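Because the structure is a prediction, the values reported are computed rather than measured.
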2 protein chains.
Amino acid sequence: MENRIKKYKSLKIKLTPQRLAILNYLEGNKMHPSVEQIFKYVSRRFPSMSYATVYNVLNTLVKHNVVKEISIDPDKKRFDPYMSTHHHLVCIKCRKIIDLDMDFSIGVPEDKLAGFTMMGNHIEFYGVCAQCRGKDKD
Amino acid sequence: MENRIKKYKSLKIKLTPQRLAILNYLEGNKMHPSVEQIFKYVSRRFPSMSYATVYNVLNTLVKHNVVKEISIDPDKKRFDPYMSTHHHLVCIKCRKIIDLDMDFSIGVPEDKLAGFTMMGNHIEFYGVCAQCRGKDKD
DNA sequence: TTTCCATTTTATAAATATTATAATCTAATA
DNA sequence: TATTAGATTATAATATTTATAAAATGGAAA
Ligand SMILES: [Mn+2]
Ligand SMILES: [Mn+2]
Ligand SMILES: [Zn+2]
Ligand SMILES: [Zn+2]
């Protein structure tokens with residue numbers, strides 16, 4: 001059996017063609033796509049695909065820790081299949097989101113936490129990407 | 001003239017009653033309110049207030065660096081009038097957003113940046129707040 | 001292999017969130 | 001006080017997300 005399928009089998013969820021199509025699109029995808037982008041891509045091969053299914057599948061995958069929902073774009077939800085701990089560089093011009101593979105161990109003193117139990121962190125670095133910098137030299 | 005009004009005057013924008021009402025609601029507000037919350041509050045005093053005005057005013061204030069739009073809640077935009085550099089503790093149970101007044105100087109090695117010009121960062125710490133921790137002891 | 005059924009997909013509607021438009025109104029200036 | 005650029009309102013349109021129920025089907029059991 002194909003390796004990828006075996007991997008998804010282990011999730012103990014039904015492997016429907018629609019789910020496989022979405023999983024294949026997400027596999028290795030570094031674009032942090034929105035629901036709209038996912039829908040547009042997979043509906044090319046699955047013309048009957050509906051937005052509801054994309055939402056259903058994504059919610060299921062998030063629940064099973066196969067993708068992360070990221071709150072960087074204030075306009076829409078974006079999804080990230082790259083599950084290792086990592087952070088993001090966000091271009092304030094073109095809104096591109098670039099992975100940053102580093103692990104920062106950021107300590108917060110007890111007295112600043114006010115009883116908050118820390119479980120992790122995510123850093124959004126903002127600035128201007130190489131491409132956008134290349135343009136408008138004003 | 002009232003101090004607050006003088007401060008807003010310096011923005012060089014028209015000081016309408018609606019804008020003042022929204023500004024007064026935001027002043028010192030640590031709740032990171034959504035458009036809906038802002039609308040519900042100010043429309044109590046301004047029954048003719050419309051959502052469009054709330055969106056208009058907030059967009060203007062963001063443009064003039066009086067409030068920040070924060071992308072923490074994936075479901076809706078939230079706004080923060082606290083303009084000093086700070087970070088947030090986010091409760092994964094009740095979704096409360098708590099200010100963390102610290103300045104982390106996080107260095108990222110050049111080779112990881114790939115031409116990205118760094119301008120700043122925002123850290124979202126996630127975990128469980130004191131109140132939610134107090135409940136369900138399972 | 002065939003049957004069965006819990007789960008999923010689809011189609012659709014509804015709810016929620018946001019933006020666009022144009023007529024009306026008003027704060028600021030002279 | 002009159003003028004006007006800019007703001008508000010009402011409304012419609014668009015975009016995003018969730019809810020619902022009927023139809024379809026993947027996977028287990030026979
Ligand atoms: Mn990523
Ligand atoms: Mn804050
Ligand atoms: Zn860019
Ligand atoms: Zn909480």
Side-chain angles (χ1 to χ4, degrees), chain A residues 1-2 4-25 32-40 42-64 66-67 69-79 95, chain B residues 1-2 4-25 32-40 42-64 66-67 69-79 95:
Chain A
M1 188 191 301
E2 202 190 335
R4 188 182 298 159
I5 301 209
K6 201 179 290 175
K7 175 180 147 199
Y8 297 146
K9 276 270 188 188
S10 71
L11 297 177
K12 302 261 196 300
I13 59 174
K14 277 194 185 177
L15 271 188
T16 64
Q18 294 86 346
R19 281 182 174 174
L20 270 179
I22 291 174
L23 282 163
N24 285 340
Y25 174 67
H32 309 89
S34 64
V35 167
E36 187 191 8
Q37 289 173 304
I38 296 167
F39 172 79
K40 282 190 173 152
V42 296
S43 63
R44 286 216 307 263
R45 283 140 223 272
F46 274 85
S48 73
M49 177 74 64
S50 75
Y51 267 97
T53 296
V54 178
Y55 278 104
N56 287 342
V57 170
L58 285 169
N59 288 338
T60 300
L61 295 179
V62 167
K63 213 169 292 170
H64 286 79
V66 180
V67 303
E69 180 182 324
I70 53 181
S71 306
I72 284 182
D73 188 333
D75 294 332
K76 51 181 62 151
K77 293 178 178 177
R78 283 165 168 264
F79 295 87
R95 291 273 114 197
Chain B
M1 191 192 299
E2 202 189 336
R4 187 183 298 158
I5 300 207
K6 201 181 293 176
K7 175 178 147 201
Y8 298 145
K9 276 271 189 187
S10 69
L11 297 177
K12 302 264 197 298
I13 59 174
K14 274 193 187 177
L15 269 188
T16 64
Q18 294 85 348
R19 282 182 172 176
L20 270 178
I22 291 174
L23 281 162
N24 285 339
Y25 174 66
H32 308 90
S34 64
V35 167
E36 186 191 9
Q37 288 173 304
I38 296 167
F39 172 80
K40 281 190 173 151
V42 296
S43 63
R44 286 216 307 264
R45 284 142 222 271
F46 273 85
S48 73
M49 177 75 66
S50 75
Y51 268 97
T53 295
V54 178
Y55 278 104
N56 288 341
V57 170
L58 286 169
N59 289 338
T60 300
L61 295 178
V62 167
K63 212 170 294 173
H64 286 79
V66 180
V67 303
E69 179 182 325
I70 53 182
S71 305
I72 284 181
D73 188 333
D75 294 332
K76 52 180 60 150
K77 293 178 177 177
R78 282 164 169 266
F79 295 86
R95 289 274 114 194

Kindly write out the residues that satisfy side-chain hydrogen bond (donor to acceptor under 3.5 Å, both in side chains) with [X], not counting sequence neighbours, or none if the list is empty.
| X | value |
| --- | --- |
| Arg78(A) | Asp73(A) |
| Lys63(A) | none |
| Arg95(B) | none |
| Asn56(A) | none |

Non-neighbouring partners of Tyr55(B) that pass ring pair (Phe, Tyr, Trp, His ring centres under 6.0 Å), sequence neighbours left out: none
Ring pair (Phe, Tyr, Trp, His ring centres under 6.0 Å) partners for Phe39(A), two or more places apart: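 Listed in chain order: Tyr51(A).
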What are the bounds, 5' to 3', of the part of DNA chain C that sits under 4.0 Å from heavy atoms of chain B?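 Nucleotide range in contact with chain B: dA17(C) to dA28(C).
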In residues 48-56 of chain B, what residues come within less than 4.0 Å of DNA chain D, judged by heavy atoms? Ser48(B), Met49(B), Ser50(B), Ala52(B), Thr53(B), Asn56(B)
Starting from C1' on dG6(D), measure out to CG on Asn59(B) and report it in whole angstrom.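 So the CG-C1' distance, Asn59(B) to dG6(D), works out to 16 Å.
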Rounded to the nearest Å, what distance is computed from the CD1 atom of residue Ile22(B) to the P atom of nucleotide dA7(D)?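 Rounded to the whole Å, the gap is 13 Å.
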Using a cutoff of under 3.5 Å, can you pull out all pairs of nitrogen or oxygen atoms linking the protein to nucleotides 24-30 of chain D, with atom names and distances?
| residue | atom | partner | partner atom | Å |
| --- | --- | --- | --- | --- |
| dG27(D) | OP1 | Leu15(A) | N | 2.7 |

Straight-line distance of [X] [atom1] to [Y] [atom2], nearest 0.5 Å:
| X | Y | atom1 | atom2 | answer |
| --- | --- | --- | --- | --- |
| Asn59(A) | His64(A) | CG | NE2 | 12.0 Å |
| Leu11(A) | Leu23(A) | CG | CG | 7.5 Å |
| Ile38(B) | Leu58(B) | CD1 | CG | 4.5 Å |

Nearest heavy-atom neighbours spanning Phe79(B) and Ile70(B):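 Minimum heavy-atom contact is N-CG1, 4.4 Å.
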Quick one: bend of the helix from dT1(C)-dA30(D) to dA30(C)-dT1(D) from 5 pairs per end, to 10°? 30°
Kindly write out the residues that satisfy side chain to side chain contact (heavy atoms under 4.5 Å, CB included) with Thr53(A), not counting sequence neighbours, or none if the list is empty.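 In terms of side chain to side chain contact (heavy atoms under 4.5 Å, CB included), with neighbours along the sequence ignored, Thr53(A) is linked to Gln18(A), Met49(A), Ser50(A), Val57(A).
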Please name all residues satisfying salt bridge (Lys or Arg N to Asp or Glu O under 4.0 Å) with Lys76(B), sequence neighbours left out, ordered by chain then number.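 Result, salt bridge (Lys or Arg N to Asp or Glu O under 4.0 Å) vs Lys76(B): Glu36(B).
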